[in-house]
Amino acid sequence: MATTNVRRAPPHNSRSLPLTSTICKCLLGFILSSWIICLYLMSTLIGCSPQNASIATSDLLLHRTTLVKDATILVQSTCQAEYSRIVSQQTPGLTPQDLLRSRALIGNQYRLEGVMEALSSRERPVVAVVAGGSISLGHGLANPDQHRYSNRLENWMNEMYPLSPESTTNQDNNKGQQRHKVINVASHGADSCSMAKRLNVMYSDLESKLPPSSDEPDLIILEFAVNDYEGQDHLVQVRYQASVFFEGFMDITLCSEVVIHSLLKRYKNTAIMFLEMQTAILPRKTGALLHMGVATHYQIPVISYAETLFHGFAELIHKLERMDPISYSFADSELVLGSGDNVTFLSTTTSSTLFPYPHGCSPCQPQNIISQFRQGGCKSICTFVDRSNIVRDRKLKCKANDIPSGRKECFVPYLAPDAVHPSAVGHGIVMDLLVHSLASAQRSSCEGAGTPYQNELPMTTFVAKTTNELKVREDFLVVNDVARIFSRWDQLKPVGNPNGFERYADDLLKQRMGWIATDAAGGSKITFPIVLPPGECYVVYVAILKSYNGMGTMMVEVRDYGDKKEMNEPPKHSTKKKVDGLWQSPISVWNDVQITEDNVAGCTGYCEVDITTDPTISGRDGNKVKILTVSARRCSRVQN
């Protein structure tokens with residue numbers, strides 16, 4: 001791939017400053033030099049008396065101080081003006097406190113400053129990548145290509161920093177002017193572990209999508225907070241109860257570390273951000289805690305939509321509860337129309353009650369909900385509280401026809417069809433927070449307070465035992481999925497006809513596909529192939545649904561045929577492992593189960609993964625087995 005005009009990290013302390021800032025700093029230098037020359041002329045050339053020279057020197061010192069202060073103010077004013085320009089499309093009502101909350105972890109800003117340098121130069125297309133789940137896909141939006149935060153970020157980059165027609169990139173582009181772009185690789189149900197296993201797939205895919213002027217993205221945004229907890233629940237749409245430190249907590253933390261370590265190692269200049277979202281189901285936890293640990297260790301900025309909005313969300317619930325503890329409604333007279341501030345992507349006047357927009361109750365905007373969910377309308381605060389199952393001393397009445405006369409349901413503008421996915425307003429706020437973080441990094445650099453050095457890989461790991469563990473876990477060679485995750489899909493297809501297994505989605509939204517068996521008597525059987533170059537050692541994994549109810553056990557066998565795939569000979573080696581889909585944690589996530597070991601050559605080429613379900617264990621409510629992925633990586637070591 002061509003690598004011309006690629007942004008490279010400048011030497012430490014040598015990052016170029018914006019032109020206006022540079023001019024102002026030169027002015028400061030000129031002032032200081034002139035002051036020294038004047039003192040020399042006064043005391044030496046014109047023979048001033050010591051007393052007069054002292055008075056003159058005092059006057060010059062005062063004058064110099066004034067000029068320096070004025071020049072400093074000029075620098076700050078110029079930098080603030082540019083910040084104000086590029087955040088000018090911000091959602092009405094967001095306060096400085098909201099924006100302050102959004103930067104949950106500043107981290108090392110050097111790479112973010114580099115993103116803004118590249119945009120400001122207008123010399124080549126800047127490329128951002130969004131990796132996340134259905135939130136980043138814009139689930140529930142009527143027009144995701146218009147309202148989704150990734151698309152809005154792309155439009156913002158091109159509107160605020162259009163490429164110069166004279167740039168080398170555009171002169172070499174025979175198809176017309178290129179644009180900055182955001183590549184969205186989000187997928188329903190994707191989480192940190194999904195990405196960790198598919199890093200090679202993502203790297204290969206991005207190589208084909210980057211413009212010729214770049215060999216790496218400028219910015220990668222990771223949105224996995226919600227799916228890292230309860231991304232695969234098969235019993236309810238949103239479970240009200242969840243554990244923080246559940247059985248698989250360390251596994252997901254390790255996945256996050258694998259992703260960050262790999263990205264930093266592969267892309268030497270790319271800025272990386274965690275984007276922390278949250279649901280309106282109050283007891284439901286997110287991956288923010290584990291992400292913050294990884295981010296702190298690797299100095300990755302964290303942008304928190306949750307911190308920005310959900311402190312006010314809780315206060316709004318308390319206030320409504322005091323007014324109407326049964327339906328969480330408010331009186332018609334309390335709704336105050338906005339004073340002409342328009343939400344640009346809704347073209348409607350903002351309105352709010354109890355708290356200022358966007359933190360208060362606002363009318364539902366059904367036109368921005370996808371037609372599939374539009375009839376259900378927006379979900380109210382009462383509905384969110386009811387589904388959170390936190391009120392047990394009274395029966396809530398949340399249906400529209402149960403609301404007392406003269407009162408209205410309370411809808412928050414940043415949520416619409418459900419408790420998880422942001423509305424068009426919510427996506428606009430996400431974009432505002434990302435832009436604020438970028439603009440703040442540029443303002444600091446402009447004022448001379450930029451980050452002087454780039455963050456390097458730490459000398460220690462966070463939760464991984466060794467850096468070698470991170471290395472092997474980021475290098476999966478085969479990842480066969482039951483459904484598409486990210487861009488390329490290597491389908492999980494069985495050998496022959498499965499017995500008792502069917503491929504379907506078992507969640508309420510019909511989005512989480514899997515090879516599923518439920519026969520109470522057990523004996524359901526399915527076999528998957530793994531095709532790898534012979535002569536090496538490979539570790540085999542099977543990803544299953546782990547849940548708190550209705551799950552069964554299975555026997556997983558890996559049969560290793562080496563290079564004898566077509567010879568119908570018995571396997572060279574066989575590895576068996578009993579696997580249970582049930583755990584005590586009240587949470588449903590996919591869980592990667594390692595079947596063969598690093599220190600035993602359990603797969604050396606062509607292998608078959610055979611799965612047979614057991615009869616229902618006494619006392620269990622079901623016998624479901626759900627297979628999601630079969631994958632393999634190289635062994636880290638072989639002892640025998």
Side-chain angles (χ1 to χ4, degrees), residues 5-10 15 86-87 102-132 135-136 148-161 163 169 178-186 195 199 202-203 205-207 209-211 213-224 259-260 262-277 291 295 298-305 427 430-445 450-451 454-455 486-487:
N5 298 327
V6 178
R7 172 175 62 84
R8 299 296 183 190
R15 169 159 284 157
I86 60 181
V87 301
S102 72
R103 302 181 74 188
L105 181 66
I106 301 297
N108 187 293
Q109 298 281 291
Y110 189 91
R111 297 181 186 222
L112 285 182
E113 293 164 11
V115 176
M116 296 307 295
E117 264 191 35
L119 283 170
S120 298
S121 72
R122 309 188 187 212
E123 285 296 318
R124 63 169 181 83
V126 168
V127 179
V129 175
V130 168
I135 289 175
S136 291
R148 188 167 45 199
Y149 77 83
S150 56
N151 296 73
R152 291 175 58 80
L153 181 62
E154 178 176 293
N155 291 337
W156 172 82
M157 290 194 298
N158 286 288
E159 182 176 337
M160 294 297 170
Y161 299 101
L163 286 172
T169 299
Q178 290 196 18
R179 288 168 51 87
H180 308 300
K181 67 177 180 178
V182 177
I183 302 171
N184 193 330
V185 298
M195 187 171 183
L199 286 165
M202 189 190 75
Y203 294 148
D205 183 55
L206 287 181
E207 282 183 4
K209 294 181 178 179
L210 290 173
S213 56
S214 299
D215 61 358
E216 59 183 23
D218 295 271
L219 173 64
I220 296 177
I221 299 166
L222 304 174
E223 177 271 304
F224 295 123
V259 168
I260 295 299
S262 179
L263 292 176
L264 289 174
K265 186 174 66 174
R266 184 177 183 94
Y267 297 135
K268 304 303 182 184
N269 305 297
T270 302
I272 304 167
M273 287 180 171
F274 278 112
L275 173 60
E276 301 301 306
M277 306 298 289
H291 296 163
Y298 289 90
Q299 284 298 290
I300 302 299
V302 177
I303 309 304
S304 181
Y305 175 89
H427 276 268
V430 173
M431 198 275 294
D432 293 336
L433 304 184
L434 295 173
V435 167
H436 168 66
S437 181
L438 290 166
S440 297
Q442 184 188 50
R443 180 171 57 186
S444 295
S445 179
T451 308
Q454 181 171 339
N455 52 324
F486 299 139
S487 51

Less than 4.5 Å apart, any side-chain heavy atom of [X] and any of [Y]?
X      : Y      : result
Val115 : Gln442 : no
Ile303 : His436 : no
Pro125 : Leu163 : yes
Met157 : Val182 : yes
Leu222 : Met195 : yes
Leu119 : Arg122 : no
Val130 : Ile183 : no
Val129 : Leu219 : no

Is there a side-chain contact (heavy atoms from CB on, under 4.5 Å) between Val430 and Met277? Walk through the geometry before answering. CA-CA 9 Å; Val430 173; Met277 306 298 289; 3.8 Å; yes

Can you tell me how far [atom2] of [Y] sits from [atom1] of [X], rounded to the nearest 0.5 angstrom?
X      : Y      : atom1 : atom2 : value
Met273 : Leu105 : CE    : CG    : 11.5 Å
Gln454 : Leu264 : CD    : CG    : 9.0 Å
Asn151 : Lys181 : CG    : NZ    : 13.0 Å
Leu206 : Asp215 : CG    : CG    : 12.0 Å
Ser213 : Glu123 : OG    : CD    : 10.5 Å
Glu276 : Tyr305 : CD    : OH    : 13.5 Å

Is the backbone of [Y] close enough, under 3.5 Å, to the side chain of [X] for a donor and an acceptor to pair up by distance?
X      : Y      : answer
Arg111 : Thr270 : yes
Ser444 : Ser440 : yes
Lys265 : Ile260 : no
Glu216 : Asn269 : yes
Ser120 : Met116 : yes

If you look at every heavy atom in [X] and [Y], which pair is closest and at what distance?
X      : Y      : value
His427 : Ile135 : CE1-O, 3.1 Å
Gln109 : Ser437 : OE1-O, 4.4 Å
Ala441 : Glu113 : O-CG, 3.6 Å
Ala295 : Val302 : CB-CG2, 3.5 Å
Ile272 : Ile300 : O-CG2, 3.3 Å

Q.
If you apply the rule side-chain hydrogen bond (donor to acceptor under 3.5 Å, both in side chains), what do you find for Tyr149 with Ser136, and how did you get there?
A. CA-CA 7 Å; Tyr149 77 83; Ser136 291; 2.6 Å; yes

- Taking the six-membered ring for Trp, are Tyr203 and Tyr267 ring centroids under 6.0 Å apart?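 Centroid distance Tyr203-Tyr267: below 6.0 Å, so yes.
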
### Query
Looking at Arg124 and Glu117, does any basic side-chain N land under 4.0 Å from a carboxylate oxygen?
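No, Arg124 and Glu117 are not salt-bridged.
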
Determine whether Arg152 and Asn155 satisfy the following criterion, side-chain hydrogen bond (donor to acceptor under 3.5 Å, both in side chains), listing intermediate values before the conclusion. CA-CA 5 Å; Arg152 291 175 58 80; Asn155 291 337; over 6 Å; no

Taking the six-membered ring for Trp, are Trp156 and Tyr161 parallel (under 30°), tilted (30 to 60°) or perpendicular (over 60°)?
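Because their plane-to-plane angle is over 60°, the rings of Trp156 and Tyr161 count as perpendicular.
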
### Query
Would you say the side chains of Glu154 and His180 form a donor-acceptor pair under 3.5 Å?
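Checked: Glu154/His180 side chains show no N/O donor-acceptor pair below 3.5 Å.
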
#### Entry: Criterion side-chain hydrogen bond (donor to acceptor under 3.5 Å, both in side chains) on Thr451 and Asn108, from CA distance to verdict
CA-CA 7 Å; Thr451 308; Asn108 187 293; 4.7 Å; no

